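As structure tokens, the structure follows; a few thoughts come after it.
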Amino acid sequence: MSGTDESDPSELADAVFRILSDEYRRCVLYYLLDRDAATVEELATVATGWVQARESAVEIATPDDRERVRAALHHVHLPRIADAGFVRYDHNSGEVALERVPVVLESILEQSLAEDRTGRDRSEDP
Amino acid sequence: MTSRTPDSLREFVDEVAADRRTITAFTPERPEALESYFAARNVSVEHEPLPDDGSGGFVVVTADGEFVGSVGARAVRELVSPADRALEPGSSELPRLPMNLLADTTFVSFDRRQLLGASREFEDRAYRQGRGTLRAGFQALSKLEAQQAVYKSLLKRTRLDVHVYGEPDWSPDLPDATVHEEDASEIGSFWFVVFDGGDDPRQACALLAEEVSDDSGPFPGFWTYDSETVTAIDDYLRATYG
């Protein structure tokens, strides 16, 4: 059984920040926190579209972009989030479900969303 | 559209019908402007709620379940906003991108009035461009009678290469156009306007609709701004009827 030892606050903090250091992983977790479970295909679409929209108002994400993101989620990001114990990733069905979300992860995600919101409002206001 | 060239007008319509697009808006709020814009174009918009990160979310287009592309919802809002005068594809860089993604080909069931309206729009586009090839199929050449004046002025004021097609039940007086008198059954049942865009593929457009029952329609078919699709129809018509 993999997972993070929640009784060790510094280990937990390390795990949370390692996971959240990547924008694709953040988007996946934002999305999962909202609805608990999704397929890897759905997450690939969401992460591709969302990260693209966060970066540029007008650029289009192509099927190639999505395929790269899907491969990265499948091979790198989802296994890492699963190793930390936050989600369960079934490679066969493609199902990704929230597992054990420490309070600290949830509150950092919410705070990070709030900061994204205000950061963007500020940057749009010259 | 697949790479294989269809060998009948019906096949073009069938391919577009099979390639029907779905639009999914991943946005914090319900995308009402988007829904009404696409409802008028017979494309359904689905909504998946997204946590609000200030980005406004994004819009995903799928065809037959396959991802075609996505773009920020803000750019699409600009496209569908009625205040936006830049709806014309090619008129500005910003809305042109989502236009390509979202509205390049739209499957519709026209009634005769809509069909005439859309045809007028495309003829007008060719007129403004002033050069290129315009192919128009009227089912029966007699249906061109009401529009002969329009076509006369089109020929007089532009350098367009104009081809008209139809069953030979009337002889149009259009000496500068190439008139194709055809007995082929698809020429009798299909209405089309195909403009290759001249030297600007972004101006390419085509509509193709088949009369399925009697004179009142409906006419299932599609209109497209996708230059590859336009080229394929143009090639087919030239190869088959000249």
Side-chain angles (χ1 to χ4, degrees), chain A residues 20 23-24 26-71 73 98 106 108-125, chain B residues 1-2 19 21-29 31 34 45-81 84 86 89-104 226:
Chain A
L20 296 184
E23 194 173 16
Y24 289 102
R26 276 203 303 280
C27 282
V28 163
L29 286 167
Y30 288 156
Y31 190 74
L32 284 174
L33 220 51
D34 215 39
R35 54 187 73 208
D36 293 339
T39 65
V40 64
E41 294 299 328
E42 187 180 355
L43 291 175
T45 297
V46 168
T48 306
W50 204 354
V51 170
Q52 178 73 71
R54 286 158 65 95
E55 280 169 6
S56 156
V58 295
E59 299 268 326
I60 283 173
T62 66
D64 285 347
D65 295 333
R66 181 187 175 280
E67 185 47 36
R68 274 192 293 276
V69 172
R70 198 197 62 80
L73 289 184
L98 280 184
E106 190 164 352
I108 290 174
L109 280 168
E110 271 161 19
Q111 215 172 311
S112 152
L113 263 180
E115 271 167 29
D116 282 346
R117 271 197 300 274
T118 53
R120 267 168 235 278
D121 289 347
R122 228 177 288 131
S123 69
E124 275 168 18
D125 202 15
Chain B
M1 192 113 314
T2 60
D19 190 44
R21 292 176 177 211
T22 309
I23 292 171
T24 310
F26 291 82
T27 50
E29 308 287 334
L34 202 69
V45 175
E46 281 158 28
H47 178 225
E48 294 285 348
L50 194 74
D52 185 4
D53 69 336
S55 71
F58 54 96
V59 169
V60 174
V61 180
T62 50
D64 227 7
E66 292 286 313
F67 181 92
V68 175
S70 72
V71 70
R74 291 226 161 103
V76 180
R77 260 202 290 286
E78 230 158 293
L79 164 75
V80 301
S81 148
D84 194 338
S91 61
S92 106
E93 201 56 26
L94 183 73
R96 196 165 65 79
L97 293 169
M99 176 60 94
N100 286 345
L101 191 64
L102 297 174
D104 60 353
D226 176 61

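Because only heavy atoms are used, hydrogens play no part in the values below, and waters and symmetry mates are left out as well, while side chains stay in. Note that this is a predicted model, so its numbers are computed, not measured.
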Engaged part of Glu66(B) at the chain A interface, taking heavy atoms whose separation is under 4.5 Å: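 For Glu66(B), there is no contact with chain A at all, as no heavy atom is under 4.5 Å.
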
Could you grab the distance from atom OH of Tyr30(A) to atom CG of Asp53(B), nearest 0.5 Å is fine?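 Tyr30(A) atom OH to Asp53(B) atom CG measures 7.0 Å (nearest 0.5 Å).
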
Out of curiosity, Phe67(B) CZ to Glu67(A) CD, how far, rounded to the nearest 0.5 Å?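 The CZ atom of Phe67(B) sits 11.0 Å away from the CD atom of Glu67(A).
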
Is the count of non-hydrogen atoms from other residues, nucleotides or ligands lying under 6.0 Å from Glu23(A) atom CD greater than 12?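 Yes, the 6.0 Å shell around CD holds more than 12 heavy atoms from other groups.
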
Specify the closest pair of heavy atoms between [X] and [Y], including all atoms of both residues, with the distance to one decimal.
{"X": "Ser55(B)", "Y": "Arg54(A)", "result": "CB-CG, 4.0 Å"}
{"X": "Gly72(B)", "Y": "Ala53(A)", "result": "CA-CB, 3.8 Å"}
{"X": "Phe58(B)", "Y": "Val46(A)", "result": "CZ-O, 3.5 Å"}

Which portion of Thr45(A) sits near chain B, non-hydrogen atoms under 4.5 angstrom: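 Its backbone and side chain both get close to chain B.
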
So which of Ser56(A), Gly49(A), Ser112(A) has the largest heavy-atom pair count under 4.5 angstrom toward chain B?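 Counting heavy-atom pairs under 4.5 Å, the top option is Gly49(A).
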
Less than 4.5 Å apart, any side-chain heavy atom of Pro49(B) and any of Arg35(A)? yes

